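These numbers come from a predicted model, not from an experiment.
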Amino acid sequence: MRTINIGIIGLGTVGSGVIQIIQKHHDDFLNHQGVDIQITRVASRRDNVAREYGLMDVFSFDGMDVVNDPAIDIVVELVGGTGIAKDIILAALRAGKQVVTANKALMASMGAEVYEAAREGQTAIFYEAAVGGGIPIIGPLKNYLDANEISSIMGIVNGTTNYMLTRMSQNHLSYEDALAQAQKKGYAEADPTADVEGYDAAAKIAILASIAYNSRVTLDDVPTEGISALSATDIAYADEMGYCIKLLAIANRSEEGIDIRVHPTMLPKSHPLCAVNGVFNAIYVVGDFVGETMFYGQGAGSGPAASAVVGNIIEVARQLAADMPILEHCTCTDEVSLRPMDRLRTRYYLRFPVYDRPGVFAQIAEAFAAHNVSLYSVVQRGTVSSDVDEQENTTDVVVVTHHALEADMQAALAEIAQTETTAGVPALIRVV
C-alpha cells in the first residue's frame, strides 16, 4: 500500500468540498480502494478554509509552492479560469505531476496546449468535474461509450439557467424576476453573463464534442445564444403547444460535419430532458449501438463538483499505487469539419408583435415564401394596447415552421424587419 500525496490549489466552494470528502472518507478509500490519500499541501489567496480544516501547517498563499513540492504526486487545481490556473497546470504537468481539475474554461479554450504539456511531462490531466458537476459523463464518453459512434449529444449543462427557466415556466415569472430569485438563492452570480448568455454551456459542449468526435473543438467554435431575450409569454405559448423550453448545448454528427451550438430550444414534453428542472443537469447521448442514454444529476455546488474531483483523485491514486501507466490521453486525433450555423436545418417558433392592420400577415407570409420557409401553423394571439403607438393596437402572430435552413430563416427575418408591419423585435426559438 502506497501513500499518495496530493496538493490542492484553490480552497473555494469546490476545494473545501474536496477536503471535507477526503477527511471524512479517508479510511474508506484505504480499505476499499487500497490507497492512502494524504492532503500534503494546500494553497489559496485566503487561509480561512485551511484554518477551519486544520491544514495551516501545510498552507501557502502561493500555488507554485504546491507545484514545486517534490513530495506531491497529484496537483488538484481548483482556481479556475485561464490566468494563473493555466500556469499552474502547465507547470505541474511538465514537472511530471498528475493533475486533476474542474477547469472547463481552460480545457475548452486551451486543451491542445494542456495536452502537449502532459505529453512533454509524460503525465495526464483529469477533468470530470468540468462538465455536469457530479454527473459522470467525461469518463463514460472516453471509455464505456467508446464502442459507439456518437451521433448526438444534447445537454442541459447549466444549473442557473435551468433553474430560471423552471421558475419562469412553473411560476410564470418574468426573466428579470427569475434572475433575481436565482441570485437570492446563490444559484446566479452578481454578474450572471457567463450563465445567462450561454458561455458556460458553450465551454462544456466544446469539451464533450471534442471527446465524442475525437476532435479538437474549442469555445470559439460554438455559436451561442442565451436566455436573456426569452419572455414568459413565449414559455406560456410553448406550454400550450405541448413543448418545454430549455437552454440546450447541442452537438450532432452530420454528413456536412459536426453541428455544434448553444441556444434556447423547444422540446416536446415527451422528451426526457423536459423533466429536468431546477438546478439539475442532464446530458442525453445517442450512440449507434447503445442507443439513447441520459446522464442526470446535480450539476453544480460544492458537493457534486467535489465528488467528481475526488473520483478523479482516487482513479489516479489507484494507478499510481499499483505502478500502472496513467490511462488518460487526448482522443483529439481526427480532423473534422464544423458545419456553419447558417447550414442548420430545423423547425422554428417565431412570435411577431405586429400592428393590428389588414394585410400584415400577408406581408410576413410573402417574405417567408420568398426565402423557402414553409409554415406549419399560424395563430393570432389576441389584441393588446401598443407600447409603441397609443393610437394603434398590436397583436401577437405566432408561427411554427416546417424544417428550414437557418440562412433562409435569417434572410426572411431581415426582409420582414424592413417592412412596417412589426411593432417590436420578433422572438425566435429553434424547435427539436
Side-chain angles (χ1 to χ4, degrees), residues 4 6-26 28-29 32-33 35 37 39 42 49 74-81 85 88-89 92 98-108 111 114 124-145 153 155-160 162 187 200-201 203-208 210-212 249 276 278-285 293-320 326-328 331:
I4 303 299
I6 72 168
I8 304 172
I9 305 171
L11 303 181
T13 301
V14 180
S16 59
V18 169
I19 293 171
Q20 186 178 3
I21 291 173
I22 291 175
Q23 290 186 343
K24 180 178 182 179
H25 294 301
H26 171 271
D28 294 327
F29 302 152
H32 302 155
Q33 307 294 340
V35 289
I37 298 174
I39 301 175
V42 296
V49 173
I74 304 171
V75 172
V76 183
E77 182 279 310
L78 299 172
V79 176
I88 288 168
I89 287 176
Q98 314 303 326
V99 173
V100 173
T101 183
N103 196 328
K104 58 182 173 290
L106 185 66
M107 297 309 298
V114 169
I125 184 163
F126 292 75
Y127 47 97
E128 184 64 64
V131 180
I135 303 171
I137 181 61
I138 290 176
L141 272 181
K142 278 179 173 274
N143 301 300
Y144 310 114
L145 293 176
I153 301 172
I156 297 170
V157 292
N158 183 271
T160 299
N162 201 46
Y187 299 146
D200 174 80
K204 293 171 180 176
I205 196 62
I207 292 171
L208 294 180
S210 294
I211 297 169
V276 180
V279 295
F280 280 81
N281 284 193
I283 297 124
Y284 180 82
V285 182
T293 64
M294 193 166 86
F295 300 80
Y296 169 84
Q298 293 191 52
S302 174
S307 171
V309 170
V310 175
N312 277 161
I313 292 171
I314 294 170
E315 181 181 2
V316 179
R318 289 178 62 186
Q319 295 178 51
L320 288 173
I326 303 299
L327 302 177
E328 158 66 10
T331 61

Could you check if a side-chain atom of [X] sits within less than 4.5 angstrom of a side-chain atom of [Y], using non-hydrogen atoms only?
| X | Y | answer |
| --- | --- | --- |
| Thr160 | Asp200 | no |
| Ile4 | Val316 | no |
| Ile6 | Ile22 | yes |
| Glu128 | Ser307 | no |
| Leu320 | Ile74 | yes |
| Ile283 | Lys204 | no |

Val76 and Asn312: CA distance, side-chain angles, deciding distance, side chain to side chain contact (heavy atoms under 4.5 Å, CB included) verdict: CA-CA 10 Å; Val76 183; Asn312 277 161; over 6 Å; no
Is there a donor-acceptor contact under 3.5 Å from the side chain of [X] to the main chain of [Y]?
| X | Y | value |
| --- | --- | --- |
| Asn103 | Gly81 | yes |
| Gln20 | Gln23 | no |
| Glu77 | Val79 | yes |
| Thr13 | Ser302 | no |

Mind listing the closest non-hydrogen atom pair of [X] and [Y] along with its distance?
| X | Y | value |
| --- | --- | --- |
| Ala92 | Val75 | CB-CG2, 3.9 Å |
| Ser16 | Val49 | CB-CG1, 3.9 Å |
| Val14 | Ala305 | CG2-CB, 3.8 Å |

With sequence neighbours left out, the residues meeting ring pair (Phe, Tyr, Trp, His ring centres under 6.0 Å) with Phe29 are none
Across all chains, not counting sequence neighbours, the ring pair (Phe, Tyr, Trp, His ring centres under 6.0 Å) partners of Phe295 are none
For [X], all residues meeting side chain to side chain donor-acceptor pair (under 3.5 Å), sequence neighbours excluded:
| X | value |
| --- | --- |
| His25 | Asp28 |
| Gln33 | Arg318 |
| Tyr187 | none |

Once rounded to the nearest 0.5 Å, what's the spacing between atom [atom1] of [X] and atom [atom2] of [Y]?
| X | Y | atom1 | atom2 | result |
| --- | --- | --- | --- | --- |
| Ile314 | Ile37 | CD1 | CD1 | 5.0 Å |
| Ile211 | Ile138 | CD1 | CD1 | 4.5 Å |
| Leu106 | Ile89 | CG | CD1 | 5.0 Å |
| Ile205 | Ile153 | CD1 | CD1 | 5.0 Å |

Can you sort out the partners of [X] under side chain to side chain contact (heavy atoms under 4.5 Å, CB included), two or more places apart, ordered by chain and number?
| X | result |
| --- | --- |
| Phe280 | Val276, Tyr296, Gln298 |
| Ala129 | Ala102, Ala308, Val309 |
| Asn281 | Ile135, Val157 |

